[in-house]
Visitor: 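Could you have a look at this structure, given as structure tokens, before my questions?
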There are 2 protein chains.
Amino acid sequence: MLALVDFDGWKLDQLKAVSPQLRLVLRSRIIQNDLRPMTRLSEPELAKEYGVSRQPVREAFITLMNEGLLEVRPQRGTFVRRIDFEAVLNARFVREAVEADIVRKLATTGDSDLVKDLRTQLELQKNVPEGSPERFIELDERFHMTLARAAGVAKVWDNLEVIKSQMDRVRFITFEEFPISKLIDQHEKIVDFIEQMAVSRAEDAMRSHLREILNSLPRVQELYPDYFENSRDISSEI
Amino acid sequence: MLALVDFDGWKLDQLKAVSPQLRLVLRSRIIQNDLRPMTRLSEPELAKEYGVSRQPVREAFITLMNEGLLEVRPQRGTFVRRIDFEAVLNARFVREAVEADIVRKLATTGDSDLVKDLRTQLELQKNVPEGSPERFIELDERFHMTLARAAGVAKVWDNLEVIKSQMDRVRFITFEEFPISKLIDQHEKIVDFIEQMAVSRAEDAMRSHLREILNSLPRVQELYPDYFENSRDISSEI
DNA sequence: AGTTGTTGACTTGTATGGAAGTAGGCATGT
DNA sequence: ACATGCCTACTTCCATACAAGTCAACAACT
């Protein structure tokens with residue numbers, strides 16, 4: 001799973017290599033919208049802040065640039081990229097395709113241990129306090145990752161992390177927008193259909209679940225227009 | 001598309017930044033099996049070879065490590081990673097899921113211009129001389145990319161590059177193994193079904209097309225056992 | 001007033017030296 | 001013969017210095 005670290009009051013571990021640590025922290029800060037789109041980042045400034053030299057900071061920048069989270073403009077500066085609207089839609093497309101196949105596989109085999117595990121997770125999801133969507137997002141991640149692992153494609157989840165991060169940024173910006181109880185109901189349906197080995201119904205349930213983000217996107221775009229680039233009409237996606 | 005550059009006799013462009021150029025060249029050399037698994041790479045050696053300092057080489061290493069093509073062992077050395085068998089299978093799974101949905105979308109709408117374009121490409125594929133599989137792989141890339149673009153998810157192809165590179169390494173190792181004419185026939189069927197707007201048959205055709213690599217994998221593993229890690233039985237995938 | 005040119009403080013890109021850790025050869029001691 | 005410890009030559013990682021490009025403020029000129 002994407003290790004979203006708690007960056008607040010975070011400190012470097014002297015024993016481990018510096019550069020990968022910075023990478024994780026900065027990525028977490030960007031995805032969780034602590035570093036907002038178009039924010040200017042400076043190599044020497046961050047180096048000073050974390051008490052290291054420019055080089056490890058720079059190496060973290062390069063990685064994050066490759067992941068589409070930073071934009072490095074030579075001799076000008078480094079900036080947090082705005083959210084690429086098209087990338088979000090494409091990421092969603094990939095996720096739907098992959099997870100639909102995952103669910104199909106699971107509903108075909110029918111794994112009672114898995115269903116038991118998922119039902120336990122559903123209870124945890126229902127117990128999430130009203131005002132802490134962060135906790136729900138964490139449990140949601142775990143739910144979908146469990147499905148991937150059960151289908152024998154655990155590494156798929158790792159591979160999709162870069163793609164998923166685009167969607168996650170949207171989720172963290174629009175915390176309040178998410179209809180948690182609705183999402184839990186959808187999770188529950190998916191589990192039900194897996195248990196009943198109703199293959200195509202399970203697949204459909206997953207697909208419409210992953211289309212949920214499309215409902216919030218127009219509103220997000222309206223609220224924070226300058227957070228996005230490549231904006232376009234998404235009616236064709238629905 | 002993945003810019004596989006012609007690394008033979010390649011030279012640096014003095015105007016552009018060095019590090020991204022090195023990244024492309026080294027990636028091409030690894031995927032095309034010019035740099036073989038477990039080959040040791042040395043920062044100072046490559047720096048000397050290309051007439052630059054160690055730093056840009058190092059930055060290229062970091063990117064390639066993130067893509068799963070290199071393994072950097074601190075204070076020990078940097079090595080070309082063996083091909084992760086599980087990663088190949090998972091990459092194939094993702095590709096099948098995504099391209100199945102792409103084809104479904106295309107067969108639903110029915111785009112005559114697209115079909116025309118694809119038929120032209122099929123002719124090019126048929127004209128590939130017997131002994132040059134490299135040329136066919138290039139055309140194959142183009143074929144699948146055309147489908148993605150037509151479905152309005154062009155960026156998906158970019159996003160899957162890292163995943164796809166795992167499969168591509170296998171393809172370049174097993175050049176001769178690929179039954180080109182068989183693959184072209186499969187391409188043709190896909191185009192036919194898109195034209196006829198036979199949705200589920202088009203989807204099935206794409207799925208079995210992308211399962212083709214599973215047939216060659218056991219043989220590849222047998223021929224080059226030390227090129228792979230995480231080897232496992234793939235019978236469950238078929 | 002408006003335009004142009006220069007200067008200087010920024011930025012990222014590259015080069016280079018040293019710190020810390022690893023691995024293997026080799027002499028020494030048992 | 002064999003185990004132990006040192007020494008040397010490597011590796012990656014980090015720090016620092018310099019090179020080259022950008023941008024804005026400002027002086028000088030038309």
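Reckoned from all heavy atoms, side chains included, excluding hydrogens, waters and symmetry mates. In the text below, chain A, chain B and the rest are named by the order of the sequence lines, each starting its count at 1.
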Visitor: Where the side chain of A:Pro56 is concerned, which of D:dA15, D:dG21, D:dT12 is the nearest nucleotide?
Guide: D:dA15
Visitor: Answer yes or no: is there a side-chain heavy-atom contact under 4.5 Å between A:Phe61 and A:Leu22?
Guide: no
Visitor: What integer distance in Å separates B:Arg40:CZ from C:dA23:C1'?
Guide: 10 Å
Visitor: Could you tell me how the ring of A:Phe85 sits relative to the ring of A:Phe228: parallel (under 30°), tilted (30 to 60°) or perpendicular (over 60°)?
Guide: perpendicular
Visitor: Could you check how far CD of A:Glu59 sits from P of D:dT12, rounded to whole Å?
Guide: 12 Å
Visitor: Describe the nucleic acid contact of B:Leu41 in one word from base, sugar-phosphate, nothing, applying a heavy-atom distance below 4.0 Å.
Guide: sugar-phosphate
Visitor: With a cut-off of under 6.0 Å to the ring centre and 45° to the axis, is A:Arg73 in cation-pi contact with A:Phe79?
Guide: yes
Visitor: Expressed in angstrom and rounded to an integer, what is the separation of B:Tyr50 atom OH from C:dA15 atom P?
Guide: 15 Å
Visitor: Among C:dT14, D:dC13, C:dT12, which nucleotide has an atom closest to any side-chain atom of B:Gln55?
Guide: C:dT14
Visitor: Let me know the distance between CZ of A:Phe79 and C1' of C:dT12, rounded to the nearest Å.
Guide: 11 Å
Visitor: Once you round it to whole Å, what is the distance between C1' of D:dT12 and CZ of B:Arg73?
Guide: 13 Å
Visitor: Rounded to the nearest Å, what distance is computed from the CZ atom of residue B:Phe61 to the P atom of nucleotide D:dT11?
Guide: 10 Å
Visitor: What integer distance in Å separates B:Met65:CE from D:dC13:P?
Guide: 7 Å
Visitor: Using whole Å, report how far CZ of B:Arg54 lies from P of C:dA19.
Guide: 14 Å
Visitor: I would like to know whether B:Lys164 and B:Arg95 meet side-chain contact (heavy atoms from CB on, under 4.5 Å); could you show each step before the answer?
Guide: CA-CA 8 Å; B:Lys164 241 167 39 56; B:Arg95 246 194 105 164; 4.0 Å; yes
